[in-house]
Structure formats: C-alpha cells, structure tokens
Number of protein chains: 2
Amino acid sequence: MKLEKAASQLEALGNPTRLQLYRILVRAGEGGLPVGSIQGKLDIPSSTLSHHLKRLVDTGLVTQERQATTLICRANYPGMNALIGYLADECCADASCAPAVGKAMA
Amino acid sequence: MKLEKAASQLEALGNPTRLQLYRILVRAGEGGLPVGSIQGKLDIPSSTLSHHLKRLVDTGLVTQERQATTLICRANYPGMNALIGYLADECCADASCAPAVGKAMA
DNA sequence: ACCCTATTTCGAAAAATATGGAAATATGAT
DNA sequence: ATCATATTTCCATATTTTTCGAAATAGGGT
C-alpha cells in the first residue's frame with residue numbers, strides 16, 4: 001500500500017462522524033445498510049451524510065450497491081485489513097515492537 | 001479506547017507529511033531521533049515540522065525527551081498498538097472478518 | 001405522464017488545517 | 001555576558017474541510 005493511499009484512508013477515518021459511520025457499517029456486517037438507515041442512526045442531514053459517505057467510498061473503505069431506489073453501503077473489510085496491515089508493518093518495520101498485533105518478528 | 005481519541009489519532013496520521021514523519025520515527029526505533037535530524041530527512045521548514053510534530057505528540061502517538069538543546073522524538077508504540085487494536089476490534093465487532101490481523105474469533 | 005421516496009449535487013458560509021517567515025525561547029559553550 | 005544552535009511560538013495567508021438548505025437526479029409505482 002502506498003503512503004498516499006494510507007494517509008487518505010486514515011484521514012477519512014479521522015473524523016468522528018465518519019468513524020462512527022464506518023463503525024455502524026462494520027457492525028452491520030456483510031448485509032450492509034441503506035443510506036437512509038444510516039441517517040436514522042446518525043441523525044444528520046442527508047446532504048452531510050452523503051458527503052461523508054462519498055469520502056469513505058472514494059478512499060475505498062466502503063462500497064455501495066444500488067437496489068432499486070435504495071443504496072446499500074457496506075464496509076470494505078479487505079480495504080480495512082490492508083490499512084491495518086500497513087500500520088502494523090510500519091510499526092514493526094525495523095523496530096522492536098513487542099505487543100504488536102499478529103505480526104511475526106521479521 | 002474512546003472513539004474521539006481514535007479519530008484524533010487517525011486524523012493525525014491522515015496527513016502525508018505526518019504519516020511520513022511518523023514512519024521515520026518508527027523506523028528510528030527506541031532510540032528516537034532529534035527534531036533536527038527529522039528535518040533533514042523531510043526537508044520542510046522547522047516551523048512547519050514543529051506544528052506537525054506537536055500534533056502527533058498531542059494525540060499521544062509520539063513522545064519527546066529533552067537532551068540538552070536537542071529534543072529526542074520517539075514513536076509511541078503502545079499508543080499505535082492501541083489504535084490498531086481499536087481498528088481491528090471495530091472491524092471484527094460482530095461481522096465476519098476472515099483475514100483479520102491477529103484477532104481471535106470472538 | 002405524474003408522483004413518491006431515496007439520495008446526490010449545488011451553492012455558500014463558517015471553521016479548521018497547512019504552511020512558513022520572523023521573532024522568541026531554551027540550553028549550553030566560551 | 002555573549003554567542004551559537006535547536007526548537008517553538010507568533011502571525012498571517014492560502015487551502016481544505018465541514019456543514020446543510022435547496023434544488024436536482026434516480027428509480028420505481030400508478
């Protein structure tokens with residue numbers, strides 16, 4: 001993963017509203033959630049939600065699929081795993097990093 | 001870890017310059033690196049660097065220790081691990097998340 | 001064609017961030 | 001005390017982000 005991409009994903013998650021939004025999608029599981037449902041949980045205007053959602057989609061952390069008039073949103077687990085992997089790798093690059101998360105000592 | 005804190009740390013890392021800066025500190029290992037050294041590697045004005053550094057320190061991702069006139073900066077590994085843990089937990093909360101990073105199936 | 005719901009785009013304003021030169025502060029050496 | 005180096009703080013500016021109402025678009029249903 002390129003540093004630029006990692007940074008953009010981190011930035012996307014680095015906003016309380018978006019992190020909360022992402023959390024909701026993660027907890028929703030594979031089935032995902034329509035935009036309207038998310039709005040009910042977050043209680044923010046639809047235009048604001050749409051912007052945040054777009055940000056997460058643009059950075060590859062969330063995917064969307066149309067089902068008639070509703071748009072289903074899903075957390076992109078592989079995307080998140082790649083990001084976590086990047087952070088873990090950076091963290092343990094050539095430093096001792098004992099309590100690392102599942103990274104074999106290189 | 002509170003969502004707010006996670007978000008602020010993610011935001012801190014979500015800037016290319018700061019992510020690069022953090023990476024440099026991680027790779028520097030336990031010994032850390034003086035601000036001046038970092039500046040040489042990043043080639044940005046000292047005031048800009050100082051601002052970015054402060055951001056990382058404020059969010060708890062970097063620690064600093066004075067040694068005479070130079071300030072040694074170190075990546076705060078436990079801090080990063082806590083953040084990675086938070087992300088991994090969120091990611092695997094109640095969803096199937098097969099390729100997770102070292103998280104036992106709950 | 002018209003209507004209804006879902007969602008996005010437009011447009012605009014407020015707030016936050018990023019950047020860096022210049023001046024200030026910190027610490028030690030002479 | 002003076003100087004020299006290291007780093008921060010002050011200040012200002014350009015850019016980006018955040019927010020959201022209003023209008024537009026998308027996708028059916030009748």
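The structure presented is a predicted model; accordingly, all values stated were derived computationally and were not measured. All heavy atoms count here, side chains included; hydrogens, waters and symmetry mates do not. All chains are named by letter (A, B, ...) in the order of the sequence lines, taking the proteins before the strands, and each is independently numbered beginning at 1.
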What is the distance, to the nearest angstrom, from the [atom1] atom on [X] to the [atom2] atom on [N]?
X        : N       : atom1 : atom2 : value
Leu49(A) : dT19(D) : CG    : P     : 11 Å
Leu53(A) : dT8(C)  : CG    : P     : 6 Å
Leu56(B) : dT7(D)  : CG    : P     : 16 Å
Leu71(A) : dT9(C)  : CG    : C1'   : 14 Å
Ile38(B) : dT7(D)  : CD1   : P     : 8 Å

Open item on the list: Mind checking if Thr70(A) touches a base, just sugar-phosphate, or nothing, with heavy atoms under 4.0 Å?
Closed with: sugar-phosphate
Task: Short side-chain N/O contact from Gln64(B) to OP1 or OP2 of dT8(D), under 4.0 Å - done: yes
Open item on the list: Between Thr69(A) and dG27(D), is there a contact of a side-chain N or O with OP1 or OP2 at under 4.0 Å?
Closed with: no
Task: Lys54(A), nearest nucleotide to its side chain (from dT9(C), dT5(C), dT27(C)) - done: dT9(C)
TODO: Give the nucleotide from the list dG28(C), dT8(D), dA6(C) with an atom nearest to the side chain of Ala68(B).
DONE: dG28(C)
Output a table of nitrogen or oxygen pairs between the protein and nucleotides 14-21 of chain C separated by less than 3.5 Å.
| unit_1 | atom_1 | unit_2 | atom_2 | d |
| --- | --- | --- | --- | --- |
| dT17(C) | OP1 | Arg55(B) | NH2 | 3.4 |
| dA18(C) | OP1 | Asn15(B) | ND2 | 3.0 |
| dA18(C) | OP1 | Arg18(B) | NH2 | 3.3 |
| dA18(C) | OP2 | Arg18(B) | NH1 | 3.0 |
| dA18(C) | OP2 | Arg55(B) | NH1 | 2.6 |
| dT19(C) | OP2 | His52(B) | NE2 | 2.6 |
| dG20(C) | OP2 | Thr48(B) | OG1 | 3.2 |
| dG20(C) | N7 | Ser47(B) | OG | 3.1 |
| dG20(C) | O6 | His51(B) | NE2 | 2.9 |
| dG21(C) | N7 | Ser47(B) | OG | 3.3 |
| dG21(C) | O6 | Ser47(B) | OG | 3.2 |

Open item on the list: Between Leu49(B) and Val57(B), is there shared hydrophobic-cluster membership here, with clusters defined by ILVMFWY side-chain heavy atoms closer than 4.5 Å?
Closed with: yes
TODO: Ignoring hydrogens and angles, tell me if any N or O in the side chain of Tyr77(B) forms a donor-acceptor pair with the backbone of Val26(B) under 3.5 Å.
DONE: yes
